[in-house]
Structures are given as C-alpha cells and as structure tokens.
Protein chains: 2
Amino acid sequence: MVTSEQVARLAGVSRATVSRALNGSPRVSAEARKRIQEAIVSLGYEPDMVAQSLVRQRSRTIALGLFYGDQKSTVLSSISKTQHYFYLDLLRDVEQEIAAAQYDLLLPSISHAQKNYIRSLQMRHVAGTLAIAMHPADERVKALLEAEIPTVFIDSLSQGRSSTYVTSDNQDGARQATEHLIQLGHRRIVTLVSGFSGQIGPVRQAGYRQALQRAGLPIDEDLMYTSGWNTEEAYQATLRLLQERQPRDFTAIVAGSDLMAIGVLRALHQHGLHVPGDVSVVGFDDVDLCRYTEPPLTTIRQDRSAMVQGAIQRLIRMIESDGEYDESMLAPIIIPTQLITRASTGPATGSC
Amino acid sequence: MVTSEQVARLAGVSRATVSRALNGSPRVSAEARKRIQEAIVSLGYEPDMVAQSLVRQRSRTIALGLFYGDQKSTVLSSISKTQHYFYLDLLRDVEQEIAAAQYDLLLPSISHAQKNYIRSLQMRHVAGTLAIAMHPADERVKALLEAEIPTVFIDSLSQGRSSTYVTSDNQDGARQATEHLIQLGHRRIVTLVSGFSGQIGPVRQAGYRQALQRAGLPIDEDLMYTSGWNTEEAYQATLRLLQERQPRDFTAIVAGSDLMAIGVLRALHQHGLHVPGDVSVVGFDDVDLCRYTEPPLTTIRQDRSAMVQGAIQRLIRMIESDGEYDESMLAPIIIPTQLITRASTGPATGSC
DNA sequence: CTGAAAGCGCTTACAG
DNA sequence: CTGAAAGCGCTTACAG
C-alpha cells in the first residue's frame with residue numbers, strides 16, 4: 001500500500017508537510033506543494049480513510065436509520081411496496097445527495113439491543129445520522145435526541161441538542177386537498193389517515209379540519225377514519241366504511257397517502273362506485289404510481305428533492321461546525337406541498 | 001469515550017490482556033477473563049471499530065456495488081420499479097444477511113473516476129464486495145476481477161483471483177417455462193428477452209431453444225425478440241411484434257422478466273387479446289407483483305433467499321480465510337429455479 | 001514554511 | 001498466562 005511516508009520521501013519533505021498539503025493548509029510552500037502533488041500522482045497515492053478517521057475521531061460516513069417502532073426491521077427490509085413506498089423514492093435521492101457531498105452511506109448492523117445504539121454509532125465514528133422515524137417513541141430515536149451525534153430526522157418532529165428535522169408541510173397539504181374538494185362542491189368528505197402512533201397522520205387530519213372550518217362547514221367526527229399506512233388496510237377500512245354508511249352519505253375521500261388511496265380505489269371499484277363520478281379521491285405524496293392508477297390520482301406532492309437536499313445539506317453543516325451550533329442550525333426545515341390535479345377528483349354529484 | 005485502557009485499569013490487567021479476552025484468545029486465565037468482563041459491563045465498554053480496522057487492516061464492512069454499464073448511477077438510484085425491480089427485493093435480503101453476520105453494509109461515494117475504484121475500496125478497508133453486475137464489461141467489474149478484494153458477483157458470470165459468482169439457473173428456468181407451454185400444446189412460442197449486453201438475456205434464450213429442441217420442435221429465429229429490461233420497452237416491442245405478425249401466428253410468449261411480462265400483458269390487452277384464452281404468457285423472477293397482475297402471472301421463481309444467503313456466506317468465508325482460497329471457495333453457486341403456475345398460461349387454442 | 005514527536009485506540013509478536 | 005513495546009497510517013500542536 002502506498003502511504004504518505006512514501007510520498008514524503010519522493011517529494012523530499014516530511015509526512016507532516018504531505019498531510020498539510022493534502023488538507024489544504026496555507027502553510028506549505030508552492031514548490032513543496034508542487035513536488036508533493038507530483039509524487040501523489042506518480043505513486044497513485046490516496047489517503048487511508050481509516051487512519052484519518054481514527055486521528056480525526058470522525059469518519060466521512062453518514063449512518064442511515066429507519067425507525068418504525070418495530071425494533072427488528074432493517075432499513076431496506078421495512079420498505080415494502082405498499083407501505084413505505086414513499087421512503088423508497090426518498091432513499092434514491094438520499095444516496096445521491098450524500099455521494100455528492102463525498103460522504104459514504106452506512107447501513108450499520110447494530111444489534112437490536114438498542115441500549116447501545118448510540119455507542120455503536122460512536123464506535124464506528126459516524127459523522128452524522130439521517131433518521132427516518134415514523135415512530136417518535138422508538139428508544140433509538142430518543143437516544144439520538146440526547147446524543148451528541150449530528151442528526152436530521154425526516155418526518156419525526158423531534159429536536160434535540162444535536163438534532164433537528166425536515167418535514168413536508170403536511171397540515172397545509174391536507175388543507176389544500178380538502179379545499180380542492182370543497183371548491184368542487186363536495187360537502188360530506190371522508191378522511192382516512194393512518195392511526196399509527198406517528199405524528200404524520202394526526203397532522204394531516206388537522207389540515208382536513210382546518211379546511212372545513214375555513215369553509216364554514218360542520219366537522220363530523222363520524223367521517224374521520226383511520227387505518228394502517230398500507231394498501232391492504234386502507235382497502236379493508238374502506239370496505240367497512242362503505243358497509244356502515246348505507247345509503248352512502250359522502251362524495252369524497254381524502255386518503256392519508258397514495259398507497260392508501262390505491263386501496264380506497266380498489267374498494268370503491270369493488271362496490272361498483274365510479275371515480276370521480278360517484279366519489280372523488282385524493283391521495284398524498286405523489287409517488288410515481290399515481291400516474292398509473294385507474295383513474296390517475298389527484299394528490300398532494302411532497303417535494304422529495306427539497307426534503308433530501310435540505311436534510312443532507314443541513315446535516316453536513318452540522319457535522320462541519322463541530323458541535324458549535326448557532327440557532328439557525330437547529331431550526332426545523334419545512335417544505336411546502338402542492339396540489340397535483342389528476343383525474344380522480346371531479347364535481348360533487350348526487351344527493352349529499 | 002471508554003477505552004480498553006480504562007477497562008484494563010479497572011480489571012487490574014494490561015490492555016494486551018483485555019484485547020486477548022475480547023478476541024477470545026485461549027491465553028487468558030479464567031479470573032482475568034472474569035474481572036475484565038465485569039469491567040466491560042460496568043463501564044459499558046465497546047471497542048473502537050475504527051482503531052480495530054486500522055490495526056487489522058480490515059474493517060467489518062461490506063461494500064455494495066451495482067454495475068449496469070451506466071457509470072453514473074448510484075446503488076439505489078438505479079433500482080427503479082420497472083427495470084431492476086427484482087434487485088430491490090434482493091437488496092432487502094442482502095441487508096439482513098449482512099447484518100446477521102455482524103458486518104455493516106456500505107454504499108461508498110466513490111467518484112466516477114472508476115480508475116481508482118479498487119484503491120478507494122482499499123482505503124476504506126472494506127472486507128469484501130457484493131457486486132450486482134448486469135454489465136460484465138464495466139470497468140469497475142474488470143478491476144474487481146483483478147483485485148485482491150474478496151468479491152461475490154450476482155448475475156455476472158465472472159470469476160477472478162478473489163471473486164466468484166452466484167446466479168440462478170437461468171437456462172433451466174427458461175427451459176421449464178418453455179416446456180410448460182409445450183405441454184399445454186403450444187407450438188409457436190415467441191420469446192422476448194433483454195438484448196442488453198448482459199449475460200442473463202442470452203442464457204434465458206438458450207433455455208428456450210433447449211426446450212424446443214428436446215420437444216423436436218423447429219426453432220424459428222423469427223420468433224425471438226429482444227427489448228430493454230423495463231416494462232415500457234417490452235410493451236413497445238410487443239406492440240411492434242403484434243403489428244408485424246398479422247394474422248397472429250403464435251399462441252404464447254416467454255418474457256425475459258416479470259416486469260417485461262407486465263408490458264407484454266398490457267400490449268396484448270390493448271390489442272383485445274385475452275390471456276390465456278388467446279395468448280399464454282410466462283414471466284421470470286417471481287416478484288411480488290406477479291400476484292396482482294391481471295391475470296396473475298405464471299413465472300419462474302428465482303430463489304432470492306438462497307441466492308443471497310449463498311452469496312453472503314461465501315463472501316464471509318472468503319474474507320475470513322484471509323486470501324487462502326481452496327478450490328471450493330471460488331466455485332460458482334448455481335441456484336435452481338422453479339416454475340410457478342398461475343393464471344396467465346393455458347391450453348393452446350386456435351389455428352397455430 | 002517545516003520537521004520531530006506525540007498521539008488516536010487498538011492488536012500482536014516477543015520475551016518472560 | 002501476562003505485560004512492555006512496537007506499530008497500523010495518519011494529523012497536529014510545538015518549536016524552530
């Protein structure tokens with residue numbers, strides 16, 4: 001292996017000088033810099049990142065964590081098509097953004113003894129953590145909030161001494177979705193959000209209430225349903241609510257996510273209901289599948305690129321500020337959402 | 001940070017002894033071992049993995065590489081739903097299997113200057129590489145074949161001085177698919193495989209030929225089509241072949257993958273053809289989507305778990321044998337495939 | 001601007 | 001069975 005020692009010898013300087021040149025210190029003469037550069041090229045030298053990590057007490061590695069409350073799930077294993085599909089889209093951007101910043105992405109194999117979660121990260125000298133946390137009560141999330149490791153959460157509204165979060169403006173998104181329906185003449189609007197103990201579901205529900213309130217419409221708690229995040233549970237929940245509400249006394253459904261909306265559509269079709277002729281449906285997220293549903297889904301777009309860019313850039317600022325955070329550094333990042341109108345919503349019809 | 005020094009002090013021994021105890025050396029007295037164990041627990045000690053990596057010249061990290069010939073793609077970004085969907089399923093298992101072996105999974109941000117690909121891996125002291133390579137001519141694949149880094153390829157039939165591969169028995173799979181159709185009475189069978197420069201497409205085509213040959217049926221080169229791996233291209237290719245072959249002179253299609261089969265189904269439906277009434281269709285892979293297509297897809301199952309288990313276990317054996325490979329260590333691993341009969345295949349009908 | 005020296009936290013011959 | 005010492009490949013005060 002080529003070491004800095006050999007570079008130093010070839011360039012006729014000491015290892016210290018090679019190190020300085022490499023790290024862009026101004027205290028290196030132009031000539032020395034030049035000779036070192038030549039030596040590096042001719043030897044094909046590249047610094048040993050492990051040695052650097054040890055002496056700097058920090059690697060150029062960002063750990064990725066996904067926390068659903070289920071302790072045993074690994075990062076990728078918990079991203080299934082019908083449940084956390086949105087996060088899969090997100091991860092693509094994560095990898096690219098981290099690579100662009102010249103950091104490596106690490107999926108650590110930390111034993112489910114989350115007791116030592118932080119220590120395990122420290123022993124790997126990770127520079128920071130990107131945590132996708134739907135379940136803020138997870139032990140590891142709580143540990144991360146206490147720890148000194150720079151952390152950015154996505155979708156867990158948690159701030160700690162070295163951590164902050166980025167999230168879409170979920171409430172405003174749900175507000176837009178609902179308002180869109182109200183403008184189309186809908187008055188009796190069902191909402192189906194995740195009743196999972198995370199924070200996203202309730203926030204989206206709040207947006208729904210807000211829109212009704214602004215429009216001066218009554219809020220009927222009876223029209224507010226919950227189910228799991230996945231397609232199947234949303235499908236089942238919709239079948240149940242269709243059963244309950246005979247004759248049908250609503251004309252639209254605001255779903256908590258696109259994948260849930262797909263379950264909603266399936267249930268409606270199965271009951272012979274036409275979308276949007278009989279019932280309008282709005283999703284949330286704007287995943288790629290929305291274009292391919294029958295009919296294509298009106299939804300609220302979360303700006304993935306902005307979320308990920310915001311998260312990674314902030315994370316790297318935190319890392320490179322060496323624990324000296326000013327206030328702006330820990331301020332949450334809220335990304336605007338946007339209504340995307342496709343074919344699953346239309347004017348209210350019928351008796352309701 | 002708690003170091004081995006502190007453990008040593010508390011246990012009244014030297015750091016050397018702590019290290020031996022930790023690494024299961026037999027040369028430690030029972031008492032010493034006990035006191036050290038207590039000290040470790042009471043201090044909550046965990047060894048510094050970076051320091052270990054430096055002195056051992058090897059980390060407990062396995063790098064993941066995906067090589068499609070497109071130099072710029074990152075691991076996750078290139079796994080899109082309609083193209084390399086199968087690999088996404090695979091990655092879930094990869095993460096779990098690697099974690100089970102107590103290794104970390106690394107997605108390195110190596111600059112696209114693949115010139116230094118190997119060196120970059122070395123500077124990170126990765127223990128080994130899992131490489132999913134559809135494009136064996138990729139520079140990085142070639143470099144990996146020359147290198148000393150233990151590597152297991154998936155789907156690239158490449159063996160090197162420190163590398164081997166695991167693959168499904170693709171030829172036999174395609175043979176089973178075709179034979180299944182022949183048994184149903186089909187005589188004129190189209191095959192649509194990827195013409196991409198990888199090795200998988202041609203091998204599957206060979207299985208198709210083999211089945212025809214065994215059945216004593218003529219091989220009509222005209223019935224052998226190619227397209228990209230993704231749904232859209234397979235869809236387009238099918239539209240084209242349907243156009244060409246008027247009146248229709250075939251009763252079945254063997255697709256190169258399930259996602260391609262989905263494109264085939266779409267094109268057939270669009271032409272008003274019924275599956276399997278008019279045309280039977282077989283996929284390849286058995287991804288989860290197969291259950292949800294209309295009709296559910298008959299396909300060839302690749303045993304993902306077996307592939308990944310085989311790959312990771314072999315990789316770890318290679319790593320832990322410290323470069324002393326016996327022959328069995330570099331032998332390719334071939335995983336049997338299996339026909340899964342669903343509703344997209346049926347008896348041949350009509351004139352052909 | 002530069003080098004000698006100490007040190008990051010471990011492991012491993014070597015000697016006892 | 002155990003410890004003192006050297007060393008993995010870097011970086012960084014310190015002194016000049």
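Lettering follows sequence order; numbering is per chain, from 1. Just so you know, these numbers come straight off a predicted model, no measurement behind them.
- Within the 4.5 Å cutoff, side-chain heavy atoms of B:Leu22 are placed close to those of B:Pro47.
- Minimum atom distance to the side chain of B:Thr3 is reached by C:dC10, of the listed D:dG3, D:dC14, C:dC10.
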**OP:** For DNA chain C, produce a single dot-bracket line, 5' to 3'. Pairs: Watson-Crick or G-U wobble, both distances under 3.5 Å. Symbols: ( ) within strand, [ ] crossing, | other strand, . unpaired.
**Re:** |||.||||||||.|||
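- Distance B:Asp322 CG to C:dT11 P: 15 Å, rounded to the nearest Å.
- D:dA5 and D:dC1: their P atoms are spaced 23 Å apart (whole Å).
- Between the CD atom of A:Glu46 and the P atom of D:dC10 there is a distance of 11 Å, rounded to whole Å.
- A straight line from CZ of B:Arg20 to C1' of C:dG9 spans 16 Å, rounded to a whole angstrom.
- Positionally, the nearest nucleotide of DNA chain D for B:Ala32 lies more toward the 5' end than for the other of B:Met123 and B:Ala32.
- In this structure, A:Arg140 forms no cation-pi arrangement with A:Phe67, as its terminal cationic atom is not both closer than 6.0 Å to the ring centre and no more than 45° off the ring axis.
- For the residue pair B:Ala127 and B:Pro150, the shortest heavy atom distance occurs at O-CD, 3.4 Å.
- Comparing D:dT12, C:dT2, C:dC10 by their nearest atom to the side chain of B:Ser4 picks out C:dC10.
- Atom pair B:Asn23:CG and C:dG9:C1' shows a separation of 13 Å (rounding to whole Å applied).
- Residue contacts for B:Ser19: at a heavy-atom cut-off of 4.0 Å it reaches a base atom on one of the strands shown.
- Atoms CD (A:Glu5) and C1' (D:dC8) sit 13 Å apart, rounded to a whole Å.
- Under the 4.5 Å side-chain criterion, counting only non-hydrogen atoms from C-beta, B:Ile333 is not in contact with B:Thr164.
- Within residues 48-57 of chain A, the residues approaching DNA chain C are A:Leu54, A:Val55, A:Gln57, by heavy-atom distance under 4.0 Å.
- A:Gln6 places a side-chain N or O within 3.5 Å of a backbone atom of A:Met1 that can act as its donor or acceptor partner.
- Within the 4.5 Å cutoff, side-chain heavy atoms of A:Leu64 are placed close to those of A:Leu66.
- Between the P atom of C:dC10 and the CZ atom of A:Arg124 lies a distance of 14 Å, rounded to the nearest Å.
- Across all their heavy atoms, B:Gln102 and B:Arg60 have their closest contact at O-NE, 3.1 Å.
- When the nearest nucleotides of DNA chain C are assigned to A:Pro26 and A:Arg15 by heavy-atom distance, the more 5′-ward of the two goes with A:Pro26.
- For B:Ser29 and D:dC1, the shortest distance from a side-chain N or O to OP1 or OP2 is not below 4.0 Å.
- Listed nucleotides D:dA6, C:dG3, C:dT2 differ in distance to A:Ala16; the shortest reach to its side chain belongs to C:dG3.
- Within the 4.0 Å cut-off from OP1 or OP2 of D:dG9, not a single side-chain nitrogen or oxygen of A:Tyr45 is found.
- When all heavy atoms of B:Tyr45 and B:Thr3 are compared, the pair lying nearest together is CE1-C, 3.5 Å.
- We find that CZ of B:Arg9 is positioned 12 Å from P of C:dG9, with the value rounded to whole Å.
- With B:Arg58 contributing its side chain and B:Ile319 its backbone, the two residues share a donor-acceptor pair below 3.5 Å.
- Looking only at side-chain heavy atoms (C-beta outward), A:Val94 and A:Leu130 come within less than 4.5 Å of each other.
- Going from atom CG of A:Leu22 over to atom C1' of D:dT12 covers 14 Å, rounded to whole Å.
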